[in-house]
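These notes concern the structure reproduced below.
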Number of protein chains: 2
Amino acid sequence: MNGKIFIIEDEPSIIQLVQHNLEKNGFIVSSSVNGNDGLKELKKFQPDLLLLDWMLPDLSGVEICKNIRKDTNYNNLPVIMLTAKGEEEDKIKGLDSGVDDYLTKPFSFNELMARIKAVLRRSNPNTVSDNLKFDDLMLDRIEKRVFRDDQEIKLGPTEFRLLEFFLTNPKRVYSRDQILESVWPNNVNVESRTIDVHIRRLRQSVNLKNKKELIRTVRSSGYSLI
Amino acid sequence: MNGKIFIIEDEPSIIQLVQHNLEKNGFIVSSSVNGNDGLKELKKFQPDLLLLDWMLPDLSGVEICKNIRKDTNYNNLPVIMLTAKGEEEDKIKGLDSGVDDYLTKPFSFNELMARIKAVLRRSNPNTVSDNLKFDDLMLDRIEKRVFRDDQEIKLGPTEFRLLEFFLTNPKRVYSRDQILESVWPNNVNVESRTIDVHIRRLRQSVNLKNKKELIRTVRSSGYSLI
DNA sequence: TTAATTTGTAACAAAATTGTAACATTTAAA
DNA sequence: TTTAAATGTTACAATTTTGTTACAAATTAA
């Protein structure tokens with residue numbers, strides 16, 4: 001994951017939280033606490049995405065956004081607007097002003113991350129890699145492909161979701177019930193033994209010859225990656 | 001185990017006890033002895049969890065909690081409330097104000113630890129590594145693995161549960177009846193001598209060569225770790 | 001539509017786990 | 001020392017759990 005993100009937001013605690021976490025995720029981040037400074041610094045910083053607070057001490061988020069859209073260099077810059085609760089009615093205006101997405105405070109960082117990825121993917125696909133890796137295995141959620149080392153592995157839909165699920169917490173042992181809940185569509189009733197068969201299919205696909213076993217059976221508990 | 005815990009509590013002896021033990025368990029800990037300071041410092045400290053005394057010299061725990069919930073940055077902060085005996089009737093109010101759990105003083109540190117883990121696990125699964133350790137033994141409940149020093153020990157399901165049980169209170173001697181109740185599924189009838197056999201199996205697995213005996217027989221009482 | 005793929009389940013095979021009985025050894029008391 | 005009780009050890013059959021295969025139904029692609 002790489003890319004540059006600029007934040008215009010006047011609450012230092014939000015800046016701190018978001019900036020820190022974004023940097024941990026490989027982004028380069030810079031920020032301003034008001035609109036006028038923000039507009040100037042933004043143009044120096046040349047971000048791939050802008051996080052913009054709705055309420056700012058000087059300019060409003062919408063004004064900033066319109067300003068940006070006028071500038072031919074930035075009229076394509078993806079913008080995610082941060083609005084506080086109770087400003088719901090304004091959302092539509094916000095979107096009209098050329099915002100790509102909006103997020104209502106309070107939000108979890110995961111939620112923000114998901115929006116950022118989604119927006120970046122649309123505007124600039126190369127900025128986002130949405131891959132899960134474990135050992136020599138790599139799963140690409142965007143292209144829905146799986147590789148072991150560099151060899152592609154063809155998986156059926158259920159096998160893919162199953163592996164995807166395990167990869168979100170490799171090594172962790174999941175019971176058949178947990179797997180059912182997370183991998184199968186809700187309110188579908190399948191027997192828990194069905195999982196065994198899918199595990200077998202996944203193993204067969206994933207364990208290319210001369211590769212070590214990747215799926216561990218934990219008797220009376222479930223399965224995990226290993 | 002890692003994560004940051006903030007404590008707001010006016011009894012120095014409790015702070016000392018809890019802080020010391022939490023730090024021994026790998027947490028980063030900071031604290032305040034009153035509500036107003038606490039609210040300020042808390043925001044600097046950015047904890048993953050808050051231990052909050054019910055009765056404080058200035059603000060009450062509930063007021064603090066409501067205050068926190070209003071702040072978009074902390075409205076998800078897990079809070080465990082500490083109440084003194086005789087305030088039982090207030091418990092419900094406490095929970096209504098957005099507390100995740102409460103604990104009645106006096107409490108054992110183990111009890112507190114268990115609550116902390118449970119709450120953290122819900123809110124922020126990666127903060128908690130759910131390992132039980134004793135001497136050179138380590139049991140990982142998530143991955144369902146056991147190590148002695150760094151050598152992995154393979155255990156059957158019952159052996160695992162048995163060891164897990166002993167590890168929750170190492171050194172404590174458990175009778176065969178207590179072991180049966182806690183380790184075997186309810187309403188299963190097995191002879192108490194069966195435990196002896198499982199102890200033997202566990203010993204065989206756990207006592208790698210040139211390692212000292214870990215399971216002590218207490219004649220006419222039961223078994224314990226040692 | 002037909003063909004191909006995917007899916008869930010049943011049925012059987014293989015493997016691991018479990019409880020108990022039987023006998024051996026240790027311990028403590030007489 | 002002798003004896004009785006408690007625990008250690010071993011072997012084994014029964015049970016439980018998982019692996020594997022085949023197949024029909026359902027879904028998707030051609």
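Residue numbering restarts at 1 for every chain, and letters A, B, ... go by the order of the sequence lines.
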Residue pair A:Thr217, A:Arg203: steps toward the side-chain hydrogen bond (donor to acceptor under 3.5 Å, both in side chains) verdict:
CA-CA 11 Å; A:Thr217 304; A:Arg203 275 183 169 143; 2.6 Å; yes
Trace of the side chain to side chain contact (heavy atoms under 4.5 Å, CB included) decision for A:Tyr223 with A:Asp196
CA-CA 9 Å; A:Tyr223 299 95; A:Asp196 299 36; 3.5 Å; yes
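- For B:Asn207 and D:dG8, the CG to P distance is 12 Å, given to the nearest whole Å.
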Give the B/S/- string for nucleotides 25-30 of chain C, one per nucleotide from 5' to 3', where a protein heavy atom under 4.0 Å of the base yields B, of only the sugar-phosphate yields S, and otherwise -.
-BB---
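- The aromatic ring centroids of A:Phe165 and A:Tyr174 lie less than 6.0 Å from each other.
- Atoms CZ (A:Phe160) and P (C:dT6) sit 14 Å apart, rounded to a whole Å.
- Take B:Glu23 and apply the side chain to side chain donor-acceptor pair (under 3.5 Å) test, not counting sequence neighbours, and it matches B:Gln19.
- Note: CD (A:Glu191) to P (D:dT18) measures 15 Å, nearest angstrom.
- Computed from coordinates, the B:Tyr174 OH to D:dT7 C1' distance equals 21 Å when rounded to whole Å.
- Within the structure, a side-chain polar atom (N or O) of A:Thr217 is placed less than 4.0 Å from OP1 or OP2 of D:dG19.
- Stacking of A:Lys4 on the aromatic ring of A:Phe45 is recorded, both the 6.0 Å distance cut-off and the 45° axial limit being met.
- OP1 or OP2 of C:dT7 lies within a sub-4.0 Å distance of a side-chain N or O belonging to A:Thr158.
- Protein atom NE2 of A:His198 is 16 Å distant from nucleotide atom C1' of D:dT18, rounded to whole Å.
- A:Thr194 comes within 4.0 angstrom of a base, heavy atoms only.
- In this structure, A:His198 and A:Trp184 have perpendicular ring planes: the angle between them is above 60°, well past the 30° mark.
- Side-chain N/O atoms of B:Tyr223 include none lying less than 4.0 angstrom from OP1 or OP2 on D:dA6.
- In this structure, the side chains of B:Phe107 and B:Arg115 stay at 4.5 Å or more apart for every pair of heavy atoms.
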Quick one: what's the B/S/- string for nucleotides 20-30 of chain D, heavy-atom cutoff under 4.0 Å, read 5' to 3'?
BBB--------
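- Nearest heavy atom pair, residue B:Ser221 against residue B:Val173, reads CB-CG1, 4.1 Å.
- The CG-C1' distance, from A:Leu202 to C:dT6, rounds to 15 Å in whole Å.
- Taking atom CZ of A:Arg216 as the reference point, atom P of D:dT18 lies 13 Å away to the nearest angstrom.
- If you take CD1 of A:Ile199 and C1' of D:dT17, they are 15 Å apart, rounded to a whole angstrom.
- By the 4.5 Å heavy-atom criterion applied to side chains, A:Leu51 and A:Glu9 are not counted as neighbours.
- A close approach under 4.0 Å does occur between a side-chain nitrogen or oxygen of B:Trp184 and OP1 or OP2 of C:dG19.
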